[in-house]
2 protein chains.
Amino acid sequence: MANIRDVAQRASVSVATVSRTLQHPDRVAAKSREKVMNAIAELGYKPNLMAVKFRSGKTQNLVVLVPAVSNVFFARVISGMQEAAAEHGYAILLANTTGNEDIEQQYAKMVSTSQADGLIQLRANNPLDKSLSNEFGLLPMVNACEVMQDTAFPVVTLDNRAAANAMTTHLLELGHRHIAMIKGPQSSPLTLERLAGYRDALHQAGLSVDESLLFPGDFTLSSGFDAAQHILSCSPRPTAVFCENDETAMGAMHAFKVNGLRVPDDISVAGFDDIAFAQYCDPPLTTISQPAEEFGRTAVTLLLDVLAGRIRKAPRVIMPFELIARASTGPAPQ
Amino acid sequence: MANIRDVAQRASVSVATVSRTLQHPDRVAAKSREKVMNAIAELGYKPNLMAVKFRSGKTQNLVVLVPAVSNVFFARVISGMQEAAAEHGYAILLANTTGNEDIEQQYAKMVSTSQADGLIQLRANNPLDKSLSNEFGLLPMVNACEVMQDTAFPVVTLDNRAAANAMTTHLLELGHRHIAMIKGPQSSPLTLERLAGYRDALHQAGLSVDESLLFPGDFTLSSGFDAAQHILSCSPRPTAVFCENDETAMGAMHAFKVNGLRVPDDISVAGFDDIAFAQYCDPPLTTISQPAEEFGRTAVTLLLDVLAGRIRKAPRVIMPFELIARASTGPAPQ
DNA sequence: CGAATAAATGTTAACGGTTACATCAAAATA
DNA sequence: TATTTTGATGTAACCGTTAACATTTATTCG
């Protein structure tokens, strides 16, 4: 590959003039500029950006840790990030962590090893966060979607508690009194928040929480399917199920139908996220809509603010949610 | 940030010894090694990998161009890539191109500007391919999933024509004679291949192709929904629809149900890809299963072979497919 | 014990850009 | 014309690491 010295030689100028032609064209005479441009074209010269980044200490890369790129909601968030990053000349290095801490660490290290300028985490992860602080303070990181309660990092999130409360209240208003819940991954703060919202709503309605109606799940279709099987054997059988995401809800809905129940006549099902499939399943899913792409855009913007030193105190950006009532929820059966 | 010279000074050795301690520990005396390791720990030294990569000319990065990360099939392919790449110490730089050629070019340039070692394209794209050849030959690139017919690049693909033939034959065997098809994006070779397979099957059965039964689509749920509306107004109405991917099929199925048709009693629907949702929708979708993760793994392996110069002639790896018959297809109504 | 050999360590030049500073020529001013 | 100012260009140091080569130190053997 031709380098800047080859170009300089061919154009009979110094390397500085070549560099200036590319960086500050106005600081070089028109005829030198032309000679340089010709030489560049003739040699097919492309600056080695690795060298530029090394020299400048800025990589223009952002690492994004995603628990599962196959999660449709995350996929939308990533799209938003990619857009916002591209607008500012940054590239996204995507890490599909699958919850694996080794992978998380491997990619998180890209920041401390100067391969990336900053980090966005789509999942609250305490151990990782701890190891990311050093004597100079915290690494440039933003925590999005699923966030930690007390973190020094900027955060962009949803009021999951309020959203879960709204959905549970929706079910209560439809007359449901036995509302099961299929939770998200154990350790996740997001799960706890949504669970808290569910409890809040029941308490506000003067009802107590039946702990036996809380079922474990992990955001996958199959975990929703499995949890639903357990729900079917409850007695009395719940008349509604609130799932912590849409995949789980669709898995559960399928299990109910396989077992001969009608949704929502026999049992109502509600989800969370409003993925594209939610409005195309049968029946269309009542769910909470989140501005996924906007989440991504905001997270990137926030991180760039951090990198530019434009932020003094870590902000918490709360994105709006909307309850989308579709056909999967209906009045409680008599 | 502490650099290698700081460590050398602190350990009272030369930079070479520090470097050797990290690269070839066996070539340095045990007691020096210990001094160095202590100094590294005390200073919290982390090698600047940007410098390493610049020096070595190897970035250990692979760029992957994906039309849409939100496509569930692609998400699985990406997972496979990430795994295989990580095993070999490579990172994936993911580009969500959304079919935008500027974005494709931007990311593809990362190879020629030494920011990445190689490129994987999940979509056949002739214009891009053309610009990727230079006087030294072709860029290190692998074309996966959707591939060009006559390309000099290694390719990992499916026999889409045979798979579409198999699915169409399946529908023919169920007695269907009016089989509509919802196609993929216009320009895509994959669309043409699957269409060819559909034609083959009809011809083999001694039937002619009714061009009015071919409907445009773009792999999204909504395009399937829209196409289905048109299918409903055909007369006679087709008794089966073969969709070029599962999202399209699910969108179409939803449209049929909204319009009071029963699947498969009134109309059969078949998809392609076997995404997770396919077995959890109602009715579960008959589709073609592709080893998505294996696609990703293979593409990465192939690219690493290219980079290592282990490949003489561009191979075409054909992955196996399987027809998964579920409940969305049934005998043709009388 | 001294020479030959092996092992450990040090010195330094790359890698490909950017940019502060030096230099030089031309234009402007006295 | 001599002097200053301005603009264009060149020289070389620097970013952090690696590794070829030089040098020193330890070990083996005659």
Side-chain angles (χ1 to χ4, degrees), chain A residues 1-40 43-61 89 109-117 136, chain B residues 1-40 43-61 89 109-117 136:
Chain A
M1 275 301 252
N3 65 24
I4 200 171
R5 267 164 263 268
D6 300 329
V7 174
Q9 189 170 7
R10 176 134 195 159
S12 313
V13 296
S14 70
V15 292
T17 299
V18 176
S19 180
R20 269 188 295 255
T21 303
L22 264 24
Q23 307 303 321
H24 320 279
D26 49 313
R27 293 192 200 293
V28 54
K31 87 176 172 311
S32 303
R33 203 160 50 209
E34 195 184 351
K35 284 193 295 180
V36 170
M37 295 312 281
N38 286 338
I40 287 178
L43 294 170
Y45 167 73
K46 297 268 178 62
N48 180 328
L49 291 187
M50 217 67 189
V52 174
K53 291 177 173 190
F54 160 57
R55 179 60 163 63
S56 70
K58 295 286 162 208
T59 63
Q60 301 289 107
N61 288 336
K109 267 187 201 147
M110 296 184 82
V111 178
S112 50
T113 55
S114 310
Q115 296 184 84
D117 299 337
F136 304 110
Chain B
M1 275 301 252
N3 66 23
I4 200 170
R5 265 165 266 269
D6 300 328
V7 175
Q9 189 169 9
R10 177 130 193 163
S12 315
V13 297
S14 70
V15 293
T17 299
V18 176
S19 180
R20 267 189 294 256
T21 303
L22 264 23
Q23 307 302 322
H24 319 280
D26 49 314
R27 295 192 200 292
V28 54
K31 86 177 173 309
S32 304
R33 203 159 51 210
E34 195 184 351
K35 283 194 297 181
V36 170
M37 294 313 280
N38 286 339
I40 286 177
L43 294 171
Y45 167 74
K46 297 266 179 60
N48 181 328
L49 291 187
M50 217 64 191
V52 173
K53 291 177 173 192
F54 161 58
R55 178 73 173 42
S56 69
K58 295 285 161 212
T59 64
Q60 301 288 110
N61 289 335
K109 268 187 200 146
M110 296 183 82
V111 178
S112 49
T113 56
S114 310
Q115 295 182 86
D117 299 338
F136 304 111

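All chains are named by letter (A, B, ...) in the order of the sequence lines, taking the proteins before the strands, and each is independently numbered beginning at 1. Note that the coordinates shown come from a computational prediction; the quantities given were computed from them, not determined experimentally.
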Original post:
Rounded to whole angstroms, how far apart are NZ on K58(B) and P on dA19(D)?
Top reply: 14 Å
**OP:** Let me know the distance between CE of M1(A) and C1' of dC15(C), rounded to the nearest Å.
**Re:** 15 Å
**OP:** Remember a base hit wins even if backbone is also touched, and classify A29(B) as base, sugar-phosphate or nothing at under 4.0 Å, heavy atoms.
**Re:** sugar-phosphate
Original post:
What is the distance, rounded to the nearest whole Å, between atom CG of D6(A) and atom P of dG16(C)?
Top reply: 9 Å
Subject >> Any N/O donor-acceptor pair, R20(B) side-chain to dG10(C) base, under 3.5 Å >> reply: yes
Subject >> Below 4.0 Å: OP1/OP2 of dG10(D) and any side-chain N or O of T17(A) >> reply: yes
Subject >> Contact nearer the 5' end of DNA chain C, comparing F54(B) with S12(B) >> reply: S12(B)
**OP:** Indicate, with a heavy-atom threshold strictly under 4.0 Å, whether V18(B) touches base, sugar-phosphate, or nothing.
**Re:** nothing
Subject >> N/O (side chain, N48(B)) to phosphate O (OP1/OP2, dG16(D)) under 4.0 Å >> reply: no
Original post:
Got a second to check how far S14(B)'s OG is from R20(B)'s CZ, nearest 0.5 Å?
Top reply: 6.0 Å
**OP:** Could you please name the option among dG10(C), dG10(D), dG16(D) that lies closest to any side-chain atom of V13(B)?
**Re:** dG10(C)
**OP:** Quickly work out the K53(B) NZ to dG17(C) P distance and round it to whole Å.
**Re:** 18 Å
Original post:
Taking CZ from R55(A) and P from dC15(D), how many angstroms apart are they, rounded to a whole number?
Top reply: 8 Å
Original post:
How about K53(A) and N61(A): do any of their side-chain heavy atoms sit closer than 4.5 Å?
Top reply: yes
Original post:
Once you round to the nearest 0.5 Å, how far does CD1 of I40(A) lie from CG of D6(A)?
Top reply: 12.0 Å
**OP:** Send over the distance from D26(B) CG to dT9(C) P, rounded to a whole Å.
**Re:** 12 Å
Subject >> Atom-pair distance (CG on L22(A); C1' on dT19(C)), nearest Å >> reply: 14 Å
Subject >> Test item: T21(B) and S32(B) side chains (from C-beta on) under 4.5 Å apart, heavy atoms >> reply: no
**OP:** Respond yes when some side-chain nitrogen or oxygen of Q23(B) is under 4.0 Å from OP1 or OP2 of dT18(D), and no when none is.
**Re:** yes
**OP:** Would you please confirm or rule out a distance under 4.0 Å between OP1 or OP2 of dG17(C) and any side-chain N or O of S19(A)?
**Re:** no
Subject >> Donor-acceptor pair (no angle test) under 3.5 Å: R5(A) side chain, dG16(C) base >> reply: yes
Original post:
Is there a side-chain contact between K35(A) and V13(A), using heavy atoms and a 4.5 Å cut-off?
Top reply: yes
Subject >> Interatomic distance where CD belongs to E34(A) and P belongs to dT9(D) [whole Å] >> reply: 13 Å
**OP:** Remember a base hit wins even if backbone is also touched, and classify V15(B) as base, sugar-phosphate or nothing at under 4.0 Å, heavy atoms.
**Re:** base
Subject >> Residue-phosphate contact under 4.0 Å: S14(B) side-chain N/O, dT9(C) OP1/OP2 >> reply: no
